[in-house]
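Step one of this worksheet: look at the structure below.
All values reported here derive from a predicted model rather than from experimental measurement.
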Number of protein chains: 2
Amino acid sequence: MTEPAGKHDVFQAIADPTRREILRLLAEKDRPISEIASYFPISRTAVTKHLHLLSESKLVEGRKEGRQKMYHLNTEPLMELKEWLHYYERFWNNKLTRLQFIVEQEPE
Amino acid sequence: MTEPAGKHDVFQAIADPTRREILRLLAEKDRPISEIASYFPISRTAVTKHLHLLSESKLVEGRKEGRQKMYHLNTEPLMELKEWLHYYERFWNNKLTRLQFIVEQEPE
DNA sequence: ATTATATAACACCTTTTGGTTTTATTTCAA
DNA sequence: TTGAAATAAAACCAAAAGGTGTTATATAAT
């Protein structure tokens, strides 16, 4: 039981470069939609859609604050990604082991 | 200069569950197209397309072997993902720090 | 009260994605 | 050499993705 995943999982969410950039912006601090949108050449509506999708995958949360909506980063879902990646880490380890071996064999 | 990325980067490549499953299969061992396809309910042609895309992002390599084409996993491009993830690791660390604090405060 | 701000909710458009089927081409095997 | 196996290549299709613009609606500020 790994979560229903609904249709928009983390993998989907981070596939788009604009969305990754949004996450980056929210990593610095919480920001309202209009501020986020100001960083992109696309329409505010388009940014809102990206935020909705990121919301679905729980990577961001929005709270209403006066007349603006503040968005906040939530990295917890990235754990799934980390775990997924971990499975493939042994391949790198092998490579590192091999690299280590080569380095150790190198003459002065 | 992080690579031209061509249009199909790693993030895109792993966004699709079928493709992730293909990677999983190739992690066990090299396999020919038909064998890979046998694990999915979709057509062999569809699987081939996924393999092409994975090839573009260098996550797999195919070599012709007799009349079949063997595919091989290459995890190196996943490094980019790992680095990307690493940026967000500090948030987890913060959470762990907070958790640690809570646990330490807990009475016997 | 009125107006400007910030967002939400629609309707709509174009390209990409993920899939199909059909038609070659190459290679092994009988 | 004739056929079956394995893939490649092409044309096609529906749905989703990423974008647009327009029209509400709620909130602040004057």
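With sequence neighbours excluded, the residues satisfying side-chain contact (heavy atoms from CB on, under 4.5 Å) with A/K69 are A/I33, A/Y71. Applying the side-chain contact (heavy atoms from CB on, under 4.5 Å) test to B/R20 and every residue at least two apart in sequence or in another chain returns A/D9, A/F11, A/W84, B/I14, B/P17. For A/A46, the side-chain contact (heavy atoms from CB on, under 4.5 Å) partners two or more places apart in sequence, or in a different chain, are A/I42, A/S43. Partners of B/K58 according to the side chain to side chain donor-acceptor pair (under 3.5 Å) rule, which considers only residues two or more places apart in sequence or in another chain, do not exist here. In terms of the side-chain contact (heavy atoms from CB on, under 4.5 Å) criterion, residue partners of B/K29 (sequence neighbours excluded) are, by chain and number, B/R31, B/E35.
Distance CD (B/E65) to C1' (C/dT26): 16 Å, rounded to an integer number of Å. Whole-Å rounding puts the A/D16 CG to D/dA16 P distance at 18 Å. Atoms CZ (A/R31) and P (C/dT7) sit 13 Å apart, rounded to a whole Å. With rounding to whole Å, A/R63 atom CZ is found 17 Å from C/dA6 atom P. With rounding to whole Å, B/E21 atom CD is found 16 Å from C/dG18 atom P. For A/L51 and C/dA6, the CG to P distance is 16 Å, given to the nearest whole Å. Atoms CZ (A/R20) and P (D/dG18) sit 11 Å apart, rounded to a whole Å. Summarising the geometry, the separation between NZ on A/K49 and P on C/dC13 is reported as 13 Å, rounded to the nearest angstrom.
Between A/H50 and D/dG19, a side-chain N or O to OP1/OP2 separation shorter than 4.0 Å is present. Between B/Q12 and C/dT16, a side-chain N or O to OP1/OP2 separation shorter than 4.0 Å is absent.
Annotation: of the two residues near DNA chain D, A/G66 and A/T18, the 5′-most nearest-nucleotide partner is A/T18.
Salt bridge annotation for B/E61-B/R63: absent, with no cationic side-chain nitrogen under 4.0 angstrom from a carboxylate oxygen.
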Tabulate protein N/O versus nucleotide N/O from nucleotides 2-9 of chain D, keeping only pairs under 3.5 Å, one per line.
unit_1, atom_1, unit_2, atom_2, d
D/dA5, O4', B/R67, NH1, 3.0
D/dT7, OP1, B/I33, N, 3.2
D/dT7, OP1, B/K69, N, 3.3
D/dT7, OP2, B/S34, N, 2.9
D/dT7, OP2, B/S34, OG, 3.0
D/dA8, OP1, B/K69, NZ, 3.1

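Relative to the ring axis of A/Y88, A/R90 does not place its NZ or CZ within 45° and under 6.0 Å from the centre.
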